[in-house]
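Remarks on the structure that follows.
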Amino acid sequence: MTKKTPAKPTANVGIVIVSHSPDVARGAADMVRQMVGTSIPLAHCGGDPDGGLGTSVPAIMAAIEAAWSPSGVAILVDLGGAETNSEMAIEMLDDDRRDLVVICNAPVVEGAIMAATEASGGARLAEVKAAAEELSPA
Amino acid sequence: MSSTDAAQTGLTIEALTKAIDAVVATIVDHASELTDLDMAIGDGDHGLNMKRGFEAVRGAAAKIAAQTPADALKTIGTTLIMTVGGASGPLYGSLFLAMSKAVADRPIDLVVAAEMLEAGIQAVQSRGKSHAGEKTMLETLIPVGAALTAAGPAADPAALTAALKAAAAAGAASTVPLRASKGRASFLGERSIGHMDPGARSSELMVGAVCDAFFAPAP
C-alpha cells in the first residue's frame, strides 16, 4: 500500500485524562474526541477503587497502557490526589516507559483539548506538555 | 516485643502482624472521625479511603504473616497505593515502602526502627513535595521520628510509648492553628485555620496503635 502523504516520523503522543469523577473524565474525553478527532491515543479514568469520587493508581496505570504511544503519554489531572496518584502510577511503570509519561500542570478540560490538539499535529511530548501548560499562570 | 528481645533478635513478623492488626483496627474505628475532619478542610474522603486501604491490608494478612518484616512493610505500602484512592494512598504507601527499603536485611531494633521512620518521613516529604509547617501528616511524623531517634537503643518500653504518643498528640494538635499550603485544604487558605489536619490525626492514631501493640505489657 502506498501512502499519499509521508508518514510522520513517530506516532502521535497519547493523552490520559484523570479526574476524581468518572463523569468528568468521560466528559472531558468526549470533548477531546469531538474537537480533535481520533488521530491520537486517548484514555480516561475517574473514581476511587470502590467507584466513589477519587482516583485509583491501578486505573491510571491501565489508562496509560490504553493510550500508550512510543512517543509518550501526557496526563491531565484535576485535583491534588489525582496528581499524586498519577505520579505514583508513573513510578510503578516499567523502567523503559517511565520517562515517556508526563503530568501537565493545566486545567483538566482545557488542558486536555490543548494537549490533544498539539499531539494531533505530531508534536513531541515536551511540546504537548508545554501547549497544555500555556493555560496555567506562570 | 520487649526492648531486650528486640536488641537480640529484632522485630519478628508475629510482633509486626500484631501491630498491623492494631493499626487496621484503629483506622477502621476512627474512619468517621477522619472523614469529619476531612469534610471541614478537604474533600471528606480521608476516613473512607483509609478504611478501604487498611481493610485491604487486613485482607493480605495471610501473605504478610509468611513474609519477613521488611517484605511485609513493602506489601503494606503497595496495598495502600493500589487501594486507598486518594492522595493518602501514595503518601502512606511511600512511607511504608521507604521503611521497608531502609531495613536493608538488618534485624529491626530501636535504632534501625528510627532510621526506618526517618527514611519514611523523607519519602513522604518527597512524594508530597512538602515539609514541616504546612499542616500535613508530617506535623505528626517528624516529632515522632525525632523522639524515636532520641530514645536510643535501650529505651524503657513504657517511657518510649509515653514519649512517642505525646509527640504524636502534640504534633497532630499543632496542625489546628496552621494554615494549609498543601493538598485540597490549601484552597481554603485562611479558612483551613482552626481545624486539625486529618492526615496528622490518622498518623497519630497509627503511632498510638503501633506503640500499644509493641510495648504494652502482655495481659
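All values derive from a computational prediction rather than experimental measurement. To find a chain, count down the sequence lines: A is the first, B the second, and so on, and within it residues start at 1.
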Rounded to the nearest 0.5 Å, what separation is found between the [atom1] atom of [X] and the [atom2] atom of [Y]?
X       : Y       : atom1 : atom2 : answer
B:Ser94 : A:Glu87 : OG    : CD    : 9.5 Å
A:Leu79 : B:Asp43 : CG    : CG    : 8.0 Å
A:Met88 : B:Leu97 : CE    : CG    : 6.0 Å
B:Ile81 : A:Thr84 : CD1   : OG1   : 11.5 Å

On a heavy-atom basis, which atom in B:Met82 and which in A:Pro49 lie closest, and how many Å separate them?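 In terms of heavy atoms, the two residues are closest at O-CG, 4.0 Å.
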
Compare every heavy atom of A:Gly81 with every heavy atom of B:Ala87, then report the nearest pair and how far apart it is. CB-CA, 3.7 Å

How far apart are the C-alpha atoms of B:Asn49 and A:Asp48, what are their side-chain angles, what is the distance that settles it, and do they pass the side chain to side chain contact (heavy atoms under 4.5 Å, CB included) test? CA-CA 8 Å; B:Asn49 283 345; A:Asp48 68 32; 4.2 Å; yes

For residues 20-27 of chain B, give me every residue with a non-hydrogen atom less than 4.5 Å from any non-hydrogen atom of chain A.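 Within residues 20-27 of chain B, near chain A: nothing under 4.5 Å.
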
Using a heavy-atom distance cut-off of less than 4.5 Å, which residues of residues 57-67 of chain B contact chain A?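 Residues in range: none.
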
Side chain, backbone, both or neither of B:Lys182 within contact of chain A (heavy atoms, under 4.5 Å): neither

Name the region of B:Arg52, side chain, backbone, both or neither, that has any atom closer than 4.5 Å to a heavy atom of chain A.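 Contact with chain A is through the side chain of B:Arg52 alone.
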
Over 12 foreign heavy atoms within 6.0 Å of CE, A:Met92: yes

